[in-house]
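Letters A, B, ... mirror the listed sequences (proteins, then strands); counts begin at 1.
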Number of protein chains: 2
Amino acid sequence: MSRKPRLRSGSGVTMHDVGQAAGVSAITVSRALHSPERVTPALREKILQLVEQLGYVPNRSARQLASARSHTVLVLIPSLSNTVFIDALAGIESVLQPAGYQMLIGNTHYSDSEELALLRAYLQHSPDGLLVTGLQQAEAFSRILAERQLPAVYMMDLSDDGRPCVGLSQEAAGAAMTRHLLQRGRRRIAYLAAQLDERVLKRLQGYRQELTAAGCHDPALEWLNPAPSSMQLGADMLDALLAAHPDCDAVFCCNDDLAIGAIARCQQRGIAVPAQLAIGGFNDLQAAAWTTPPLSTIATPRFAIGAAAARLLLQQLHGQQDSGGSRCLDLGFQLQQRGST
Amino acid sequence: MSRKPRLRSGSGVTMHDVGQAAGVSAITVSRALHSPERVTPALREKILQLVEQLGYVPNRSARQLASARSHTVLVLIPSLSNTVFIDALAGIESVLQPAGYQMLIGNTHYSDSEELALLRAYLQHSPDGLLVTGLQQAEAFSRILAERQLPAVYMMDLSDDGRPCVGLSQEAAGAAMTRHLLQRGRRRIAYLAAQLDERVLKRLQGYRQELTAAGCHDPALEWLNPAPSSMQLGADMLDALLAAHPDCDAVFCCNDDLAIGAIARCQQRGIAVPAQLAIGGFNDLQAAAWTTPPLSTIATPRFAIGAAAARLLLQQLHGQQDSGGSRCLDLGFQLQQRGST
DNA sequence: CGCCGAATTGTTAGCGCTAACATTGCGCAC
DNA sequence: GTGCGCAATGTTAGCGCTAACAATTCGGCG
């Protein structure tokens, strides 16, 4: 008996201790906590009181190890510095937290390989499900999901292959802004893009379709820059664009960051917005309403997307398998017309 | 033997399986993975190869249960929608990730009680350490930390009671902006604040000290609003302030959100900034450089704070107890003078 | 009055891993 | 050769919890 006692993590109070204090076995405590209907009300009351009194904190690892359920959801987003994803995160949190699930947040930095690495790393936590941004992942990514039969919901876009997803048609949204600019009488409409993730490219598709249909598509007006998006970049790209194409009469920026930089640069250079140049953004960030002039943009329901995606995932986790029909939720978008167009 | 096999979470490949494939015992696999020097190089190589081949994924719960270490750090921040904390988060991630630690992120919504509840909830994961925003927590909060001897590092501010912390003097920073406005010849300097967390109030202290020293402190110019901060609120508060005090010649906003709203409203109302009214912000968010005129503000090293705090915590975790001396790290701040002052 | 079934509680075993101790093997000094 | 010491690997037990099955209790009914 000279064995050293093991280090205890946590407060050291176990279910067994609580049970002993209550004069019952550990399993009864477990039941009192997790399936109250299987324990006499009086006893349950007593146990809950002792839990409080002894400061018992359940050990999640033990629970998970024994039950093979982690009550944990892995959330993969491309960036922490982009409000878009933070908003979605808040929506997710608002659903998972009350449901007793905890989220593990992985930041993929817009990289497929990092995304895959994160998935591998976080698998150690055996998450019960997965919320991913976008539809395009590394090939091994989907393989792992399939192997483990890990339920996943895809966010921010719409799939046509039956994968459950919650989002909006990036293509349609790109088309909508382009159409808006056409309706305002513009014909030389540029597309300014950075980061170039799948969503940005789909918006580009929408832009192309509309312009082609209107007979004024000019590939020279597509300015694509793989660098991370920023206001500085928006300003710089605007300068470059106007230097090459002074006849340009509208700019569709793939997101509000670029647009805010562009609009500020116009202000600095004395270019009249929208008289001389109309500017459109995407996402409707808070700051979009406070530029001079205020920015016209596409409002996207990020919070709602996150929340709905989380709900959809929980449905899958709780057995309501395929409730039939398409599990793709289109939450749409809204054109916010303001002073810049 | 009629017992049903338990559900397996994960791929089902265990350390034991890998060991068997390699002709060794499970513990050797464990050692090959976690303390390579205790295993012959050739054998280790073979094991690593099998791990890859069989798709073995360690089970973190089991590891944690057996070793009483979770390799997990709990990070508590007041808000996800405030870039300030997201930046700190990124700094934390940049240190913890490479060190093999994972972060659990708790959003306290600026509430002491929610913070306490989150701590309780996340204790179930038995985190090895804790990174908290601010110095003021619920009373029970510190008690729990003490009971469990949970190492913690406090972020964003400086303590004088020996708690390890990484941040800047909010008071000094508030004083610095105020001094700057005084130096620009202003005498009727208002303080516009929202959210009213401890940091905002400390900046207020600095503001008061400077103005009192300069003999032009007027409590009527302190506008404190407990509502969450936003650009809209900044604009509204500016209107209210000027309606009550048309003689006001400078406004120090407790953060850039308010300031951007205020500056935009001035633009809309034709108030000349800075000629008629100087405006100062706080934090130096990206958008601050792109208002018209660009916003003067106090730049705070959020990323560095997060990173340093994480490093400090890791030091504590790895036994280098008190390396003596104050464990308070002052990373300072920097006045960014731009067009608005 | 004994037996049945439902409700309540208990027993046993094991989830996958690692700390602690035990064993084996091997080179080397004498 | 014998024994010593160290390095490499194995054995045992147990972390805290819960699934599955077992036992007990109790009310009701023929």
Flag for A/Thr108-A/Glu115: side-chain donor and acceptor within less than 3.5 Å: no
Nucleotide [N], atom [atom2] - distance to [atom1] of [X] in whole Å:
X       : N      : atom1 : atom2 : result
B/His34 : C/dG16 : NE2   : P     : 15 Å
A/Arg60 : D/dC17 : CZ    : P     : 13 Å
A/His71 : D/dT18 : NE2   : C1'   : 11 Å
B/Leu33 : C/dG16 : CG    : P     : 16 Å
B/Met15 : C/dA19 : CE    : C1'   : 13 Å
A/Asn59 : D/dG16 : CG    : P     : 7 Å
A/Leu65 : C/dC15 : CG    : P     : 9 Å
B/Arg63 : D/dG16 : CZ    : P     : 17 Å

How far does the helix from C/dC1-D/dG30 to C/dC30-D/dG1 bend, going by the axes of its first and last five pairs, to the nearest 10°?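 Inter-axis angle at the ends, rounded: 60°.
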Summary of protein contacts for nucleotides 4-11 of chain C, nucleotide by nucleotide, where a base hit scores B, a sugar-phosphate-only hit scores S (4.0 Å, heavy atoms): ----BBBB
Out of D/dG14, D/dG16, D/dT18, which has the shortest distance to the side chain of B/Ala66? D/dG14
Nearest of D/dC17, C/dG16, C/dT18 to any side-chain atom of B/Ala62? C/dG16
Is A/Asn59 close to B/Gln124 at the side-chain level, that is, under 4.5 Å between some pair of heavy atoms?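 Not touching, per the 4.5 Å side-chain cut-off.
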Measuring only between side-chain heavy atoms, which start at C-beta, is A/Asp112 closer than 4.5 Å to A/Gln137? no
Taking only residues two or more places apart in sequence, or in another chain, which ones meet A/Pro301 in a side chain to side chain contact (heavy atoms under 4.5 Å, CB included)? A/Leu168, A/Ala304, A/Ile305, A/Leu331
Give me the ring orientation class for B/His71 and B/Tyr101: parallel if the planes are under 30° apart, tilted from 30 to 60°, perpendicular past 60°. tilted
Begin with the C-alpha distance, continue with both residues' side-chain angles, and end with the deciding distance and a verdict on side chain to side chain contact (heavy atoms under 4.5 Å, CB included) for A/Tyr122 and B/Gln102. CA-CA 9 Å; A/Tyr122 280 106; B/Gln102 297 205 326; 3.4 Å; yes
Give, for atom CZ of A/Arg60 and atom CG of A/Leu65, the distance between the pair rounded to the nearest 0.5 Å. 14.0 Å
I want to check one thing: is the phosphate of D/dT18, taken as OP1 and OP2, less than 4.0 Å away from some side-chain N or O of A/Ser30? yes
Does B/Arg199 pair with B/Asp157 as a salt bridge, N-O distance under 4.0 Å?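 Here B/Arg199 does not pair with B/Asp157 in a salt bridge, since their nearest N and O are not under 4.0 Å apart.
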With distance as the sole test, does A/Gln316 use its side chain to make a donor-acceptor pair with the main-chain N or O of A/Pro164 at under 3.5 Å? no
